[in-house]
Amino acid sequence: MSEHAGRPAPPDEARAGVPLGGTEGGGGVPTTAGLDLPDNPEAVEHPNESLFKPESPETPADLAAALAPPALPGHYDELRGMGVPVAEDAADAATAAAGTVAPAGPAAAARAAAGAPLTSDWAEFFGHLGQDGFADLDRRTLSLRRQVRDNGITYNVYADTHGPQRPWAVDLFPLILTPHCWSRIEAGVLQRTQLLERIMADVYGPQQLLAEGLLPSALVHGHPGYLRPMHGVAPVGGTHLHIAAFDMARDAQGDWWVVSQRTQAPSGLGYLLENRLLVSRLFPDAFGQMPVQHLAATYRALLDSLRQRTTAGADARIVLLTPGPYNETYFEHAYLARYLGLTLVEGSDLTVRGEHLYLKTLHGLQPVHGILKRLDDEFLDPLELRSDSRLGVPGLLQAIRAGNVLVANAPGSAFLESTALLGFLPALSRHVLGEELVLPSLPTWWCGEDAARQAVLPELAQSVIRPTWPAAAVAGETAMPVLCHSLSSAELAAWRERILREGDAYTVQAYQPLSQMPTWRNATGGRNIAPRSVMLRVFAVSDGPGAWRVLPGGLARIATGTHEMTSMQRGGSSADVWALTSGAVDTTTLLPAAQAAPAVTHRSRQVTSRSAENLFWLGRYTERAENTIRLARLALQSLNGEDQSSQPLLAWISSLAQRQGLMLPQVPGAPRGRRVFERALIAGLADTTRATSVGYNLRGIRSAAAAVRDRLSQEQWNLIVRAEADFFQQCPTGAHEGDFSAPESLRVLEVLSGHMAAMTGAQTDRMMRDDGWRLLSIGRNLERLGFLSDALARGFETGAVTDEGGFEAIVALFDSTITFRAQYQLRHDVPALVDLLVLDQDNPRSLAWVAQTLRGRLRKLHRGAQHNAGPGLADGESELTLFDPAELPLEALCEQDEAGRYPALAETLARCTSESWRLSDQLGARYFTHSGELRQSLGT
């Protein structure tokens, strides 16, 4: 039977607080809590305006106390360092609410809390606000919001109808922890991490704890997170847990209780870094003068520990494995990888060959010695775990079993995250460590035990019901806790029956109101500092064999609104955590030490095959979008211009539009029905179900760019998002409702053309010229080569080149009208056209210029790959080559046969088109799949 550390659950009256925080996932839409300020903070009228006047005699601490109401009854007040009692009866509560005189008791104590002074640490914090004091906090809040937006800090929400990416919510004030408080937390977390490591070693080893009945087999072998393929496997370096996180709550007496623990892939290490940077810059005096312990030394210890335990030591290549850009915490994956200097990878970036793990790069397969994973265990290896997922690496578990790769944390720790395990930890601590737990868990009952189930059912109305297993393992379940005090009598009775029927699936935990910390709000009711319930997440990281250290601080999650949930997906906010120290502040930094000029060496950036392929397709989608936009504009202008009766022109436009997918094959061509053709063209512009529409190409640009966000500036990403949003917002309603308007469509396409020009400029002038950028450029030029050569060939086939309107349209499609008129005036003859659009190596839209550029990019790409080639590159292949359309002289290209055709030119154009697709296949097989086989890339 499980043991329950600590005091009994609080009485009914104390349960008017907030629920404990949610899980890592869960539904809901987060809001930027605490940032609901007007655009002009100077215009805000403060109800307590006199408190902000410089001549006011109060100290900053007195002003803060006057602005901040006490915590709610039953909660601990972090600002004043005291608990707020709960009224004993309704009369006492009414007396407290009315503010009238009453005998000493809980209500009187609650009233006294409102006038209690701040703790010395909070008083010091507010004393460092500067000359403007509280009057400057609105400006700082707006600055905080602006930094979140400018840095692109997001938290993805799958169920958000406004788009998956939402701004990260961070509050202005930090949570301040005293040295005494932090030392107790630190000791308790270190003890618990050691205990969990010992449990992991036993469960995947001799299993003595199971044999002796100290740990129920149902909570281990019955848990979907227990991985049988890993039993008996000794982890590389001898440590199972390299990172552990603990969610904690403080009760009304000021004691900390552990609510839950995370061991698979704990989130928050990146976000808390960003919170520290944001908040410390807004309060530089307070952060500099108060003894706030820094964070960098802990991250350095983690990184050094991982490297030392791999088989390669200091030369080890360690990667950070992410599920991808649609994961809710992808921003922190990218941020943490940059901060630690690791390569951010997805499962498709890695491959297993001969029980060794490799990274697929443009220079071949590079060995990987360690993985810092942010992917749940069940997705790691589709061969042995979830075969329906493509997030993992086939064969990874075998490479781990062979001892060739370190994984942090070792796969199989998910069973430790079950809330039910908390009830067994006190006895396990005494048995394994010979110690009592320094930090108790909230009283917890696993209802799979008859005694525990019978003991907790009478107290169910004052408790919280949590699932024993992950939500995905129980059909129809959610990961969110059930707050029994909010249930009706019928609902509570139904839950009792359910627990009696399926007890092992549920765990009951005592309900604990959370402590409340101050948050800055622009309120109209007379207060600007509002208390909000907070839960603290603390991290322990590996510091060597059998040793860990606690990250000084952590991630505070703040409840907001009427839901009072600390889950980020349910609208919660976050805060920086300042752990004060009584000793010296550690000033370790991860920034490299200053070096003399001769010691600085240039390092080429590692380009993974997945990033390279997405950059390649980013270039292709960008060029494809530009081409279809230009073609659609040209078609609409021609159908409504002076040359609308030109049959060769209409035939050329129809043929090219169908070839490029802007028009379905069953739609009559423009020569047969101009208006039907026009309406169909407009209707398909934003149709994302068609893989060649303008809208589909814009979505392709965003999808490819999202996969390489770490390589794009925030301005470039914002431009891509804005272009897509503006197009779908302004696209003619006629495309869906039958009101087809060519002028409106042309206006929308013109605006989009401006966005595309800005995108092209950013790709050309705002990105590093490494191999990734070369592939982006190659993708653009391959697309351009195929499109323009096909367009010109169809111009000759339809006779458009011999028609005045058709001739002008072809030159316009090549974006060469001004150049042509400057060089050839009004000449409409084929030699002039071929000279400018095929052979002119100064015209960026001519086929010769495109081919010349492609050859240069391919040579540099090939040279770099051969110089740094690793296994997986087909070293014996000859250099990728491209046909040069300028090999034939102008006279030969313009020579006609008896039927008036241009056979040499037609062959050249056909060869350019086929070359573009041949090269695309070769690049995919050579650099993206590392298969040595020619196969067509499927893009992103």
Side-chain angles (χ1 to χ4, degrees), residues 360-364 604-627 697 700-701 703-705 707-708 711-712 716 756 759-790 841 843-869 873-874 877-886 911-930 934-940:
K360 294 186 282 189
T361 76
L362 292 182
H363 299 155
S604 299
R605 186 176 185 180
Q606 184 87 270
V607 183
T608 67
S609 294
R610 177 187 56 83
S611 294
E613 185 173 15
N614 278 286
L615 286 167
F616 176 72
W617 279 92
L618 176 60
R620 295 195 70 166
Y621 277 125
T622 304
E623 184 68 23
R624 192 175 293 178
E626 281 200 294
N627 292 336
N697 288 329
I701 291 172
S703 177
V708 289
R711 301 181 64 92
L712 305 179
Q716 191 172 353
M756 297 306 303
M759 276 189 219
T760 301
Q763 292 175 5
T764 303
D765 199 43
R766 300 289 181 91
M767 297 181 68
M768 284 288 293
R769 298 297 204 269
D770 58 6
D771 284 342
W773 178 86
R774 290 188 185 96
L775 276 164
L776 183 150
S777 178
I778 289 171
R780 288 207 61 165
N781 283 285
L782 281 179
E783 198 71 37
R784 182 177 298 182
L785 182 67
F787 174 79
L788 294 180
S789 58
D790 181 67
Q841 297 193 17
N843 178 14
R845 293 283 169 176
S846 79
L847 302 183
W849 187 95
V850 174
Q852 178 185 5
T853 302
L854 276 170
R855 284 196 302 274
R857 303 279 190 267
L858 289 168
R859 276 197 299 269
K860 287 188 176 182
L861 182 66
H862 177 76
R863 192 180 303 128
Q866 291 300 309
H867 179 70
N868 302 282
L873 263 186
E877 287 187 4
S878 60
E879 181 177 351
L880 297 173
T881 58
L882 178 70
F883 167 69
D884 186 359
R911 189 171 177 185
C912 285
T913 303
S914 63
E915 285 279 282
S916 66
W917 302 118
R918 179 187 66 83
L919 271 175
S920 178
D921 291 343
Q922 285 189 335
L923 287 167
R926 185 183 181 92
Y927 294 111
F928 305 152
T929 66
H930 297 271
L934 295 184
R935 59 180 64 182
Q936 185 172 357
S937 171
L938 298 179
T940 60

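Starting from 1, each residue takes its place in the sequence as its number. Nothing here was measured: the structure is a model prediction, and the numbers come from that model.
Within the 4.5 Å cutoff, the side chain of Val607 has no heavy atoms near those of the Arg774 side chain. Using a 4.5 Å heavy-atom cutoff, the side chains of Arg624 and Asn627 are not in contact.
Of all non-hydrogen atoms in Ile701 and Met756, the two that sit nearest each other are CD1-CE, 3.9 Å. Taking all atoms of both residues into account, the shortest heavy-atom contact from Arg784 to Trp849 is NH1-CZ3, 4.3 Å. The nearest pair of heavy atoms linking Thr913 to Ser789 is OG1-OG, 2.8 Å. The minimum heavy-atom distance between Val850 and Asn781, with the atom names listed, is CG1-O, 3.3 Å. For Asn614 against Ala704, the heavy-atom pair with the smallest separation is O-CB, 3.6 Å. When all heavy atoms of Ala705 and Leu712 are compared, the closest pair comes out as CB-CD1, 3.6 Å.
Within the 3.5 Å criterion, the main-chain N or O of Thr760 finds a donor-acceptor partner in the side chain of Thr764. Under a 3.5 Å cut-off, the side chain of Ser609 and the backbone N or O of Tyr927 do form a donor-acceptor pair. For the pair Trp773 (side chain) and Gln763 (backbone), a donor-acceptor distance under 3.5 Å is present. Remark: side-chain polar atoms of Arg845 are not paired, donor with acceptor, to backbone N or O of Leu788 under 3.5 angstrom.
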> Between Glu613 and Arg610, is a salt bridge (Lys or Arg N to Asp or Glu O under 4.0 Å) present by the stated rule, with each step listed?
Replying inline: CA-CA 5 Å; Glu613 185 173 15; Arg610 177 187 56 83; over 6 Å; no
> How far apart are the C-alpha atoms of Leu919 and Leu785, what are their side-chain angles, what is the distance that settles it, and do they pass the side chain to side chain contact (heavy atoms under 4.5 Å, CB included) test?
Replying inline: CA-CA 11 Å; Leu919 271 175; Leu785 182 67; over 6 Å; no
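No side-chain N or O of Ser777 forms a donor-acceptor pair with one of Arg769 less than 3.5 Å apart.
Atom OG1 of Thr361 and atom NE2 of His363 lie 6.5 Å apart (nearest 0.5 Å). Residue Arg711 holds its CZ atom at 4.5 Å from CG of Asp770, rounded to the nearest 0.5 Å. Atoms CG and OG, from Leu618 and Ser611 in turn, are 11.5 Å apart once rounded to the nearest 0.5 Å. Remark: Ser916 OG to Ile778 CD1 distance equals 13.5 Å, nearest 0.5 Å. Rounded to the nearest 0.5 Å, atoms CG (Asp771) and NE2 (His862) are 12.0 Å apart.
With salt bridges taken as basic N to acidic carboxylate O contacts below 4.0 Å, none links Arg780 and Glu783.
Ring to ring, Phe928 and Phe616 are close: their centroids are under 6.0 angstrom apart.
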